[in-house]
Amino acid sequence: MKVFKFGGASVKDAAGVKNILRVLQHTGFKDTLIVVSAMGKTTNALEQVVHYFFENKEQFLKNIEMVRENHHRIIGDLFEVENAEITQKVNALFDTVIGFLNTTDSVEYSLVYDQVVSVGELISSIIISHYMNNQGVENYWLDARECIKTDAYFRDANLCWTDTEAAIQEAVIGRSTFISQGFIGSASNGLTTTLGREGSDYSAAIFAYALGAHSVTIWKDVPGVLNGDPRKFSDTVLLHQISYREAIELAFYGASVIHPKTIQPLQRKEIPLYVKSFENPYDLGTAVSKGKTLDPEVPCYIVKNDQTLLKLSSKDFSFILEENISEIFALLHQYQMRVEMIQSSAISFSICIYNKYSKLESLLEALKMKFKVKVNDGVSLYTIRHFDKPAINFIKNAVGEILLEQRTLNTAQFVVREKA
Ligand code: ADP
Ligand code: ASP
Ligand code: MG
């Protein structure tokens with residue numbers, strides 16, 4: 001089997017879906033499991049629905065109807081004659097979500113989030129599966145919730161590998177081409193879970209691992225993995241080959257073209273990952289596989305925006321020692337902060353964090369009981385893998401004020417207040 005993943009950008013409209021057909025006609029689709037994301041910005045729109053459900057009940061219905069309309073428009077553009085079956089299936093899914101929201105008494109934001117936001121992938125995969133069947137790409141629609149088994153840690157669920165492997169292996173028996181969903185799974189209590197934003201790449205890797213697939217291809221709106229995000233850097237270079245280890249590092253530091261959890265399962269079974277352009281499927285793209293660390297050997301640039309830099313010092317001018325550090329980390333964990341970089345000196349301890357769950361205010365309150373805290377909000381973290389002198393100079397000249405700098409053998413990092 002091979003596994004393909006088409007992300008939100010590739011299925012943002014009817015033209016995108018038609019383009020997938022073109023890609024599949026080029027690659028062939030026998031023994032292929034295709035994972036798709038929600039269409040375009042649907043996940044963001046559904047996040048808004050959840051937000052309004054908790055904040056302003058009148059607005060949530062209006063918002064969900066907007067998402068429904070958008071999908072009906074795409075269906076209208078894809079199917080020449082009105083297709084009652086698909087219209088009915090899509091409406092049924094929306095009605096289920098609305099029914100859930102109207103009747104649930106859950107106050108658990110993350111639980112509600114997963115039941116609502118997951119509908120984006122379900123609808124997208126149903127539309128695409130129908131369209132492909134109509135166009136001669138005979139396929140079976142596979143409900144990922146029957147395959148991807150997780151715990152009930154909503155919004156960032158952890159995989160139950162053994163159950164998942166068994167479920168996937170059983171699901172594919174006797175069929176050849178599958179269309180399923182990225183991002184979603186289910187917990188043993190029957191509720192839908194999600195794997196974290198941008199988690200569809202990870203879903204593709206999970207399917208591939210369970211199937212012992214011979215490859216995974218993620219189709220993107222870029223030629224492959226470049227040595228920097230083309231939206232942020234000009235003159236980027238295509239990386240032809242990256243080792244698993246290097247890809248893990250790049251994703252970890254924030255190269256958002258691959259979800260960080262994707263590589264490890266593939267590495268375990270040495271399944272190659274190809275990152276290719278859905279616009280130019282004939283091009284080779286990037287191979288992540290056993291072999292050279294990086295080809296070509298060039299510095300790679302990664303930027304993470306919306307970071308917060310905290311500088312902690314003790315109130316009585318004493319040193320920050322192990323006991324304080326363990327206390328600080330306990331609080332960071334408690335308030336679900338993602339720690340991106342740390343640096344300690346004799347009297348201060350600096351931490352660059354990402355305030356993923358909007359709990360910064362509470363964290364600061366807790367920290368300020370014990371420490372003097374200096375806060376630099378809205379800063380950016382620049383990382384250069386395989387840096388050299390020109391790369392460092394390039395970043396230093398390009399960015400604004402550098403607040404913190406750190407270098408290891410292969411990686412240089414800068415916390416920066418961007419130029420206004
Ligand atoms: P999808 O969700 O459609 O699968 P993403 O938007 O998650 O795709 O990933 C593709 C985007 O990743 C590109 O449009 C690009 O802006 C961004 N990106 C970030 N870092 C890199 C990089 N090093 N190489 C290529 N693209 C990158
Ligand atoms: N649709 C989800 C998101 O936008 C998952 C994904 O696209 O990978 O985060
Ligand atoms: Mg995405």
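Start at 1 and go down the list; that is how both ligands and their atoms are numbered.
Side-chain contact, Lys359 with Gln336: a donor N or O sits under 3.5 Å from an acceptor N or O. Using modelled atom types and a 3.5 Å distance limit, the side chains of Arg385 and Asn227 yield no donor-acceptor pair. For the residue pair Ser203/Gln181, the side-chain donor-acceptor check at 3.5 Å is not satisfied. Looking at Tyr382 and Glu418, their side chains do bring a donor and an acceptor atom within 3.5 Å of each other. Defined by atom type and a distance below 3.5 Å, a donor-acceptor pair is present between the side-chain atoms of Thr193 and Thr150.
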TODO: Take Arg68 and Ile98 through the test side-chain contact (heavy atoms from CB on, under 4.5 Å) and record every step on the way to the result.
DONE: CA-CA 11 Å; Arg68 190 201 300 252; Ile98 293 168; 3.5 Å; yes
Task: side-chain contact (heavy atoms from CB on, under 4.5 Å) evaluation trace for Asn139 with Ile128 - done: CA-CA 10 Å; Asn139 70 86; Ile128 294 165; over 6 Å; no
Open item on the list: What verdict does the side-chain contact (heavy atoms from CB on, under 4.5 Å) test give for Thr262 and Ile218, after you've listed the backbone C-alpha separation in whole Å, the side-chain angles of each residue and the deciding distance to 0.1 Å?
Closed with: CA-CA 11 Å; Thr262 310; Ile218 53 180; 5.6 Å; no
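Atom 6 (C) of ligand 2 has its closest protein heavy atom at Ser200 OG, 3.2 Å. Counting only heavy atoms of the protein, atom 24 (N) of ligand 1 lies nearest to Leu226 N, 2.9 Å. Residue, atom and distance of the protein heavy atom nearest to atom 27 (C) of ligand 1 are Val257 CB, 3.5 Å. Looking only at protein heavy atoms, the nearest one to atom 7 (O) of ligand 2 is Ser37 OG, 3.1 Å. For atom 4 (O) of ligand 2, the closest non-hydrogen atom of the protein is Arg197 NH2, 3.0 Å.
For ligand 1 and Glu198, the ligand atoms under 4.0 Å from any heavy atom of the residue are 2 (O), 7 (O). Of all atoms in ligand 1, listed by their number and element, those nearer than 4.0 Å to a heavy atom of Lys5 are 1 (P), 4 (O). Within ligand 1, counting atoms from 1 as listed, the ones closer than 4.0 Å to a heavy atom of Arg231 are 11 (C), 13 (C), 14 (O), 16 (O). Close approach of ligand 1 to Ala9 (heavy-atom distance below 4.0 Å) involves ligand atoms 3 (O). Of all atoms in ligand 1, numbered sequentially from 1 with element shown, those under 4.0 Å from a heavy atom of Gly7 are 1 (P), 3 (O), 4 (O). Distances below 4.0 Å separate heavy atoms of Asp221 from the following atoms of ligand 1: 10 (C), 11 (C), 13 (C), 14 (O).
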Counting only pairs under 3.5 Å, give me each side-chain donor-acceptor contact of residues 7-20, with atom names and distances, residues two or more places apart or in other chains.
{"residue": "Ser10", "atom": "OG", "partner": "Gly7", "partner atom": "N", "Å": "3.2"}
{"residue": "Ser10", "atom": "OG", "partner": "Gly7", "partner atom": "O", "Å": "2.7"}
{"residue": "Asp13", "atom": "OD1", "partner": "Ala15", "partner atom": "N", "Å": "3.4"}
{"residue": "Asp13", "atom": "OD1", "partner": "Gly16", "partner atom": "N", "Å": "2.9"}
{"residue": "Asn19", "atom": "OD1", "partner": "Arg22", "partner atom": "NE", "Å": "2.8"}
{"residue": "Asn19", "atom": "OD1", "partner": "Arg22", "partner atom": "NH2", "Å": "3.0"}
{"residue": "Asn19", "atom": "ND2", "partner": "Phe278", "partner atom": "O", "Å": "2.9"}

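For the ligand labelled ligand 1, residue Pro230 lies inside the 4.0 Å heavy-atom shell. The closest approach between Gly199 and ligand 2 falls below 4.0 Å for a heavy atom of the residue. Residue contacts with ligand 1 include Gly224, since one of its heavy atoms falls under 4.0 Å from the ligand.
Separation of the Phe207 and Phe178 ring centroids does not fall under the 6.0 Å cut-off.
Polar contact with ligand 1: absent for Ser10 (N/O pair, distance under 3.5 Å). Distances between N or O atoms of Glu121 and those of ligand 2 include at least one value under 3.5 Å. Between Asp201 and ligand 2, no N or O atom pair is found at a separation short of 3.5 Å. Note: an N/O pair closer than 3.5 Å links Lys220 and ligand 1 by distance alone. Inclusion of Val225 in the set of residues having an N or O under 3.5 Å from an N or O of ligand 1 is not warranted.
Using modelled atom types, one side-chain atom of Gln241 and one backbone atom of Ser289 make a donor-acceptor pair closer than 3.5 Å. Between the side chain of Asp201 and the backbone N or O of His259 there is at least one donor-acceptor pair closer than 3.5 Å. Here the side chain of Thr217 pairs no donor or acceptor atom with the backbone of Tyr274 at under 3.5 angstrom. Between the Thr27 side chain and the Val23 main chain, a donor and an acceptor come within less than 3.5 Å of each other.
Under 4.0 Å from ligand 1, not a single heavy atom of Cys300 appears. Contact annotation for Asp229 and ligand 1: heavy atoms of both the backbone and the side chain come within less than 4.0 Å of the ligand.
Excluding waters, the set of protein N, O or S atoms lying under 2.8 Å from the Mg ion (ligand 3) comprises Glu198 OE1.
The closest heavy-atom contact to atom 2 (C) of ligand 2, among the options Thr43, Ile184, Ile218, Thr194, comes from Thr43.
At least one test fails for Arg245 against the ring of Phe252: distance under 6.0 Å to the centre or angle within 45° of the axis. A cation-pi arrangement is absent between Lys396 and Phe394, since the terminal nitrogen or guanidinium carbon is not both under 6.0 Å from the aromatic centre and inside a 45° cone about the axis.
The shortest side-chain heavy-atom distance between Thr164 and Tyr209 does not fall under the 4.5 Å cut-off.
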